[in-house]
Structures are given as C-alpha cells and as structure tokens.
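Structure record follows, encoded as structure tokens.
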Amino acid sequence: MKAQTTLGAAAVFLLAAAAYTSLFASPPDAFQGEYVRIMYAHVPNAWVAYLAFAITFVASVLYVWKRRPDYDHIAHSATELGVLFTGLALATGSIWGRPVWGTWWTWDARLVTTAMLFLIYSGALLVRGLSDDPQRGARLAAVIGVIGFLDVPVIHYSVVWFRTLHQPASIAPGSLKIAPPMLLALMLSLLAFTVLFAYLLRLRARLAWLEAGGEP
Amino acid sequence: MKRTRLILAAVIVAGALVYLILGGLRGAIVYYATPSEVLAQGQSAVGRATRLGGQVVPGSRRWDPVTLELRFVLTDGKATVPVVSHRAPPELFTEAGSATVEGTLGSDGVFVARSIIVKHSEEYAPPQAP
C-alpha cells in the first residue's frame, strides 16, 4: 500500500509541475498562439490510451494462454482506463480543432481510426458485461483486446500512410520539430500522465482482485 | 434490466462502428484532393461535392466587407484553383499557409467553398522577436 501512496503523491506533484510549465512557463506558438497549450493535455491522453491498450494486449494474450485470473484483472482495468483516456484524447482534440482548424470534427483518417478505437474497446467492456459466465466474458474480451490492438499502429501511422488534415508527429527519431521550452512542457506532461495512469491501473486492478473474492 | 441496458449499449456501439467504417473510412483514406487532381477530372469535377486542399497563394486573399465575399487561390505548386467563400473563415486563416475547403467547383472554374478548414504543420516554436 505504501508504494501506491508514493505513486499517487508523485502523480499529484508531477501534474502540478506539468500544469505550471504548460500554462505559464512555456511560450505561445508563432502560428497558433495560446491554443498550442491544448497540445500538452491532448498528446499525453493519446499516449496513455496507446499504453493502456498495449497492456490490455499483453495481459489478454497471457490470460488466454495461462488462464490466471490476475491477468484478466489487469486486462479489464487497462481496457477501462484506455477507453477513458481515448475519450479524453478525442475531447481535447475536438477542443483544439475548433479554434485552430475551424471545426470540432472532420472525417480525417486519424480522427476516424481513433473514434473506432474508442468503440472497439467500449465493445470489449460491453461483451464482458453481457456474458452470464464471467470466464466466458473474460475470454471474449481478451479476443477483442488482442484483435482491437491492430488499430493502434493504424492510428499512429495514419498521418503517414494517408493524406490527412491532422499533422504528422513532431517528435520522431532524427527529427525534432518542436522548440526546447515547448518540448519540456510536453515531456513533463507525458511523464505526469504516465505516472497517473500507473497509479490508476494499480488501484483498479486491486479492486478487480477484491471483487473476485481475493484476499486483501 | 441491467441486461437490457447492456444489449442496447452494445447495439449502439456496433452501429456506430459500422457507420464509421462505411461512412467515414472511405473518404478518410484520401482526406482532400489537390488542385492538379481536381483539374485533371475536367468537366466531371464540376458540381460534385469535393474537399480541395493546398497552399494559399501568398497575397491572393481578398475580403470584400460589403458583399462579405472572401476570395483566394489554392495551389499545389503545379496547378491553381481560385476559391470564393461567403462564410466567415476560421480565426487563424489570415495567417495560414495551407487550407482545405469543402464545396463544389463551378463551371466557371471557381471553387465555391461551404467551409474552410485551416491545416497547420507539426512544427511548434515561439514567435520570432521583431
């Protein structure tokens, strides 16, 4: 329990530091002005969603293979958090798109494939809830959890493979297209959201373990 | 009761997914057509709903405050298409290097835009000191 408290305290501290750096210490953008600050909330949400579904993928494979219930608890918890952060990525993207692009939503490949990701994993949660036999529900959710992950590389490379409105990645091996003070704000936000996610995942997986009748 | 709600939610999610795949994904593979591509279609492009994207030719922006008419030219470096719009453009359009317009090409070769969407690059930097 002590590790969990430390993780929570670290998340609060890092989120406060990230908020200060994103909102005050970093400069406005030459083209977007102050709107660029929405990026420091948008990109970490999308990153944590990818991370959550990667964990769902690995835990689902392990569950189908080993049939140990704790792998299913992790897969279930990561799926719930992944859906939450995908929703937040879509919402912050929409809020960013309205002033900068001039539209809340458009049928761009990056946007459409991200909305699909939200629906695929919402479906995995529903299939789990619909099953009368919890183990059968867990197996079906694991199958969706593995196949659904195919959408993540499609989302990531959508801006390269297809002609899109959404801009490509600013941080890629050998090419950095973001000024140092803005990069610092983005990196700090990415770290803060990752630690927050680790805290929430541990908490949720423990709850799943207790719900299944596990010893506290 | 819980089961009915879950089934209802599952139907909505499945329906939305089918809608995205059938309705959205087809158009999303190629989000916009370039001026060269639109002009290469010749007369068949006239009157058809199109999304046209390109660079705004510097200095081509003309705003008439009386008729509320905005005119500019989009280019891909090879071909150009003049655009006219009667809608207020997005806030950042006045500085935008590239834009996407939704509308139809008229028989006079002028593209009538129903909406203007600003496209920005992946480069982020503070403003240069004057």
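Per chain, numbering begins at 1; letters A, B, ... match sequence-line order.
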List the atom of Arg51(B), the atom of Thr106(A), and the distance in Å for their closest heavy-atom pair. NH2-OG1, 4.0 Å
Which of parallel (below 30°), tilted (30 to 60°) and perpendicular (above 60°) describes Tyr19(B) and Trp107(A)? perpendicular
Using heavy-atom distances under 4.5 Å, tell me whether Thr34(B) contacts chain A through its side chain, its backbone, both, or neither. both
Restricting to non-hydrogen atoms, name the atom on Phe31(A) and the atom on His120(B) that form the minimum distance, rounded to 0.1 Å. CE2-CB, 3.5 Å
Residue selection (most heavy-atom pairs with chain B, distance under 4.5 Å) from Pro168(A), Pro27(A), Ser158(A): Pro168(A)
Non-hydrogen atoms of Ile117(B) and Thr103(A) that approach each other most closely: CD1-CG2, 4.0 Å
Chain A: which of Val13(B), Ile116(B), Thr100(B) shares the most heavy-atom pairs with it under 4.5 Å? Val13(B)
Please find the pair of heavy atoms, one from Val30(B) and one from Arg163(A), that lie closest to each other, and give the distance. CG1-NH1, 3.8 Å
Which of the residues Leu17(B), Ile12(B), Ile7(B) is involved in the greatest number of heavy-atom pairs with chain A at under 4.5 angstrom? Leu17(B)
For residues 69-97 of chain A against chain B, heavy atoms under 4.5 Å, the residues are Trp96(A)
Kindly check if the number of other-residue, nucleotide or ligand heavy atoms within 6.0 Å of CZ (Phe93(B)) is above 12? yes
Above 12 or not: heavy atoms from other molecules or residues under 6.0 Å from CD of Gln135(A)? no
Select one option (side chain, backbone, both, neither) describing which atoms of Val100(A) are under 4.5 Å from chain B's heavy atoms. both
Of the listed residues (Gly102(A), Ser170(A), Ala179(A)), which shares the most heavy-atom pairs with chain B below a 4.5 Å separation? Ser170(A)
Point-to-point distance, once rounded to the nearest 0.5 Å, from CG of Leu20(B) to OG1 of Thr114(A): 10.5 Å
Taking all atoms of both residues into account, what is the closest heavy-atom pair of Leu92(B) and Tyr35(A), and its distance? CD1-CD1, 4.5 Å
Taking all non-hydrogen atoms of both residues into account, name the closest pair between Val118(B) and Leu165(A) and its distance. O-CD1, 3.8 Å
Enclosure of Glu211(A) CD (heavy-atom neighbours >12, cutoff 6.0 Å): yes
Strictly distance-based, threshold 3.5 Å: is any side-chain N or O of Asp29(A) a donor or acceptor partner for the main-chain N or O of Pro126(B)? no
Measuring from atom CG of Leu176(A) to atom CD of Glu123(B), what distance do you get when rounded to the nearest 0.5 angstrom? 11.0 Å
List the steps and the verdict of side chain to side chain contact (heavy atoms under 4.5 Å, CB included) for Tyr124(B) and Gln32(A). CA-CA 9 Å; Tyr124(B) 303 100; Gln32(A) 300 187 26; 3.5 Å; yes
Determine the option with the most heavy-atom pairs under 4.5 angstrom with chain B, choosing from Pro28(A), Ser122(A), Gly123(A), Gly129(A). Pro28(A)
